[in-house]
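The block underneath contains the structure these notes are about, expressed in structure tokens.
Source: prediction; values computed, not measured. Just so it is clear, the values below take in all heavy atoms, side chains as well, and ignore hydrogens, waters and symmetry mates. So that the names make sense, note that chain A is the first sequence line, chain B the second, and so on, each numbered from 1.
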Amino acid sequence: MIAKVIVDVPAKQTDRAFDYLVPESLEDVIKPGVRVIVPFGPRKIQGFVVGFSDRSEFTGLKEIIEPMDLTPVLNEELLGLGDWLTEQTLSYKISAFQVMLPAALKAKYEKKIMLRKSIDLLPEELQFLFEKNDTIIWNEAGGHLAQLQKEATKGNVEVLYEVKERVKKKKLKHISVKVSKEELITHREQLAANAEKQKVLIDFFIENPKSIEQRELLSILDVPATTIKSLVKKGLLLEEDLEVYRDPYEDRVFEKTQPLTLTLEQEKAISPILATLEENKQKVFLLYGVTGSGKTEIYLQSIQRAIEMGKEAIVLVPEISLTPQMVKRFKGRFGNEVAVLHSGLSSGEKYDEWRKIERKEVKVVVGARSAIFAPFENLGIIIIDEEHETSYKQEDNPRYHARDVAIERANFHQCPVILGSATPSLETFARAQKGVYEQLNLPKRMNNQALPSVEIIDMREELREGNRSMFSRALIEGLKDRLEKKQQIVLFLNKRGHSSFVMCRDCGYVDNCPNCDISLTYHRFSQQMKCHYCGYESYVPSKCPECNGEHIRYFGTGTQKVEEELGKVLPEARVIRMDVDTTSRKGAHEKLLNDFQDGKADILLGTQMIAKGLDFPNITLVGVLSADTMLHLPDFRSSEKTFQLLTQVSGRAGRHELPGEVIIQTYTPEHYSVELAATQNFDHFFEREMMIRRAHQYPPYYYIALITVSHENVAYVASTTDKITKFVQSKLSKEASVLGPVASPISRIKNRYRYQCLIKYKREPDLNGTLKTILEHYQQETVSKGLQISIDVNPYILM
DNA sequence: AGCACGCCGACT
DNA sequence: GTCGGCGTGCTC
């Protein structure tokens with residue numbers, strides 16, 4: 001039998017199946033989707049079995065060394081999905097497989113040198129290396145590598161390549177009963193009168209025939225471990241090492257919740273979903289409902305139905321660690337039928353959650369983007385909450401969008417997909433308008449709470465009237481008022497595209513990264529200037545390096561700066577600051593939120609991360625310090641993102657009895673995305689934005705694809721990009737427009753110059769073929785000259 | 001990606 | 001004459 005194996009070498013030349021003989025002894029274990037260790041040249045590497053054949057065009061096939069799994073880690077569906085991903089994103093097969101699995105399953109390689117013959121045969125200066133051990137790891141050899149290689153050709157030492165598992169399954173000793181209850185009873189009667197401890201033990205197992213961890217058993221019964229051993233020896237009990245899971249939510253109690261009675265509107269929205277579920281059909285729904293309109297309850301009850309039908313559910317939420325409240329709701333309803341996957345978990349914890357899914361111990365998975373690959377085999381429903389979130393698009397290879405994967409998987413399982421949002425992406429909303437997706441509306445907040453009143457403050461006006469602070473007079477008034485009333489405030493700082501940089505006031509010099517075409521970001525925490533892209537660090541200049549002027553200072557508003565200013569204006573206010581610095585520690589995020597909920601602070605000050613999921617009754621004022629900082633980014637989606645963010649932040653206020661107020665500070669109050677966010681008028685925004693997208697040939701009217709070329713040599717990059725652009729132009733139809741070559745918005749990263757070519761198209765059946773041709777054509781130059789070509793067929797970030 | 005093989009410059 | 005530079009091509 002010959003196995004087709006995709007090897008763990010992410011390169012164009014090895015992006016195909018290699019043939020290996022399956023040793024007879026392994027024939028039962030080697031199945032498609034099993035990871036194996038195979039010889040590859042002089043090394044051993046990991047690979048995925050994807051199929052079988054009885055013949056091969058190669059002679060002298062090597063044998064598979066050993067399997068790494070006893071059951072496949074990828075089932076038929078996921079193997080097929082891997083092919084689809086490869087095709088869609090133009091990535092390597094191996095990368096597609098690896099992205100579907102927890103990182104813990106990725107192989108680690110170790111290179112070692114082993115002594116083969118007597119140590120005396122080695123030159124004296126090498127002997128010390130092997131004095132303690134006859135095997136050393138490659139790096140320990142230090143400066144003796146060349147000599148050792150010579151020894152290797154003589155056969156005195158051998159170079160070993162090993163594939164190592166990244167995770168150890170956590171195993172603990174468990175004890176269970178091996179015989180029937182009757183036998184236990186008979187045996188107990190035969191015991192000597194003084195065998196007290198054994199009797200205690202047998203009594204316990206007569207009562208509790210379930211398997212139990214030895215440690216726990218010992219703590220309950222006060223019998224020595226030797227007693228257990230002796231009963232094991234007699235064949236009454238069974239001792240085995242069972243896998244235990246690291247449960248990140250182990251010591252937490254989730255209050256059990258019951259399904260709520262749905263409102264009339266919720267009823268109306270859920271019934272088409274349930275119908276589709278029961279008919280076993282693939283269908284995509286847009287659940288379009290303002291914040292607080294009860295989308296989650298619809299998710300929960302749809303899942304409930306899927307579970308009742310014996311099926312499973314995937315729920316995607318944007319970066320879940322940020323919404324402990326969401327986890328609480330799912331765990332509360334479905335208890336330990338829920339697995340949670342998010343970036344805050346260690347790789348071991350992620351692996352354990354994944355194992356629960358694989359072993360069918362859970363029915364629901366709640367997780368971030370990659371949870372879309374959960375290895376369920378009987379999927380009943382897929383839910384993507386906050387559908388418009390850009391984090392659903394992976395920004396490195398394979399550059400997939402979770403929404404596309406969801407629809408593809410739903411197609412396989414013939415099940416519904418629910419895209420939920422208060423501010424859908426234009427793509428999704430346009431599809432719903434066209435009837436490609438079915439739109440379900442939840443137009444009202446639960447209990448008919450009024451939407452918060454929104455006031456837009458023109459900061460230019462403030463400046464004109466002599467207010468130079470970062471807080472408008474209206475906001476200060478609002479803050480003072482809430483402090484007096486003992487109500488809570490959320491202050492939101494839109495930080496994207498708004499890093500703190502250092503500039504000289506005399507000559508205008510900006511402290512830039514020497515390797516990248518971007519200004520350095522000021523980090524007060526470490527008193528350093530850091531580059532976002534390459535990690536370059538330097539100290540804050542005290543004098544201008546250009547003109548020697550002393551008036552060099554940092555610009556831009558960081559959360560720390562706001563906190564400081566706040567302290568000056570309102571010294572009595574208690575502030576909790578949430579940003580990367582204060583939430584990097586594990587669990588810090590949740591703790592800060594809990595403190596705020598418990599009323600330990602009056603003001604919650606933060607960035608993006610506080611925009612979502614906050615639902616505290618006492619918040620009555622939301623202040624947006626600078627609404628338009630990302631409006632001017634070179635990105636056609638910037639208006640959409642601004643609108644979404646402002647709408648979302650506004651939704652944090654007045655979600656319960658107390659009425660809410662929102663104050664938005666901006667320098668461009670007339671911009672439609674600011675204006676319309678203030679009135680929460682998505683439909684109007686949609687119309688406006690669609691006109692602009694149509695005029696500029698952007699999605700959803702056109703598809704786009706972005707080719708980015710990078711190299712250390714500018715001229716080389718420019719000319720290569722030019723050739724590529726011309727080639728693309730020649731291959732596509734008249735309706736497509738190919739823009740470029742132009743320098744990328746960030747024209748240099750890590751000393752590599754970047755040029756790009758943007759393709760806008762409506763229907764180009766052979767686009768992927770053309771793009772593949774480019775990758776193949778430049779393959780040699782990629783290897784020999786260090787050229788890099790990256791292609792993103794549906795980019796979310798155009799930089 | 002690694003690694004070996006192979007063909008040209010500066011050294012014992 | 002040899003050590004070692006890294007260009008080229010292969011890995012079932």
Side-chain angles (χ1 to χ4, degrees), chain A residues 1-24 26-27 30-32 34-68 86 90-99 103 105-114 123 125-126 137-139 141-155 157-164 166 396-398 710-713 716 775-790:
Chain A
M1 195 164 61
I2 291 163
K4 302 259 172 209
V5 176
I6 302 287
V7 294
D8 181 17
V9 181
K12 192 88 211 144
Q13 289 152 296
T14 48
D15 188 31
R16 62 199 161 82
F18 285 75
D19 294 349
Y20 286 92
L21 290 172
V22 182
E24 229 165 88
L26 295 179
E27 277 183 7
I30 306 291
K31 300 181 197 111
V34 163
R35 294 175 303 148
V36 288
I37 297 174
V38 291
F40 196 67
R43 327 177 257 163
K44 284 183 206 164
I45 57 171
Q46 190 191 63
F48 288 84
V49 176
V50 292
F52 296 105
S53 163
D54 30 299
R55 308 201 299 112
S56 171
E57 51 177 306
F58 291 91
T59 49
L61 294 186
K62 292 182 181 172
E63 281 194 340
I64 288 177
I65 295 170
E66 59 172 318
M68 295 178 81
T86 310
L90 304 171
S91 58
Y92 305 129
K93 274 239 162 75
I94 190 71
S95 318
F97 289 155
Q98 275 167 355
V99 82
L105 292 182
K106 216 177 141 185
K108 249 179 18 190
Y109 297 100
E110 212 169 67
K111 208 170 153 185
K112 293 178 174 174
I113 303 166
M114 186 171 71
E125 67 269 30
L126 290 181
I137 53 177
W138 185 262
N139 294 337
H144 304 285
L145 279 177
Q147 281 170 290
L148 283 166
Q149 245 151 6
K150 219 183 274 171
E151 295 306 312
T153 53
K154 287 193 228 159
V157 297
E158 189 185 345
V159 182
L160 299 179
Y161 300 87
E162 283 182 6
V163 183
K164 292 187 80 179
R166 217 169 263 261
D396 43 44
N397 274 325
S710 76
H711 192 264
E712 285 164 17
N713 181 329
Y716 179 49
L775 289 177
E776 266 153 37
H777 183 261
Y778 285 97
Q779 185 209 310
Q780 277 115 321
E781 283 173 65
T782 309
V783 201
S784 61
K785 294 191 186 151
L787 184 74
Q788 263 178 37
I789 301 178
S790 87

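For A:Leu160, the side-chain contact (heavy atoms from CB on, under 4.5 Å) partners two or more places apart in sequence, or in a different chain, are A:Lys112, A:Met114, A:Glu158, A:Glu162. With sequence neighbours excluded, the residues forming a salt bridge (charged side-chain N to carboxylate O under 4.0 Å, His left out) with A:Lys164 are A:Glu110, listed by chain and number. A search for side-chain contact (heavy atoms from CB on, under 4.5 Å) contacts involving A:Glu66 returns A:Ile37, not counting sequence neighbours.
No donor-acceptor pair closer than 3.5 Å links the side chain of A:Glu712 to the backbone N or O of A:Gly786.
Among residue pairs with one or both ends in residues 7-23 of chain A, those qualifying as side-chain hydrogen bond (donor to acceptor under 3.5 Å, both in side chains) are A:Lys4-A:Asp19, A:Asp8-A:Gln98, A:Asp8-A:Tyr109, A:Asp19-A:Ser56; sequence neighbours excluded.
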Pull out every protein N or O sitting under 3.5 Å from an N or O of nucleotides 9-12 of chain C, one pair per line with the distance.
from, atom 1, to, atom 2, distance (Å)
C:dT11, O3', A:Gly41, N, 3.0
C:dC12, OP1, A:Tyr20, OH, 3.3
C:dC12, OP1, A:Pro39, O, 3.2
C:dC12, OP2, A:Gly41, N, 3.3
C:dC12, OP2, A:Lys62, NZ, 2.2
C:dC12, O3', A:Asp19, O, 2.8
C:dC12, O3', A:Lys62, N, 2.8
C:dC12, O2, A:Asp19, N, 2.6
C:dC12, N4, A:Arg16, NH1, 3.1
C:dC12, N4, A:Arg16, NH2, 3.3

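Using a 30° and 60° split on the angle between ring planes, A:Phe40 and A:Phe18 fall in the perpendicular class, above 60°.
Within 4.0 Å (heavy atoms only), A:Tyr109 reaches no atom of the nucleic acid at all. Nucleic acid contact class of A:Lys111 (heavy atoms, under 4.0 Å, all strands): sugar-phosphate only.
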Could you walk me through whether A:Asp54 and A:Ile2 pass side chain to side chain contact (heavy atoms under 4.5 Å, CB included), step by step?
CA-CA 6 Å; A:Asp54 30 299; A:Ile2 291 163; over 6 Å; no

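Rounding to the nearest 0.5 Å places CZ of A:Arg35 at 13.0 Å from CZ of A:Phe97.
A nucleotide of DNA chain B counts as in contact with chain A when one of its atoms lies under 4.0 Å from a heavy atom; the first and last such, 5' to 3', are B:dA1 to B:dC3.
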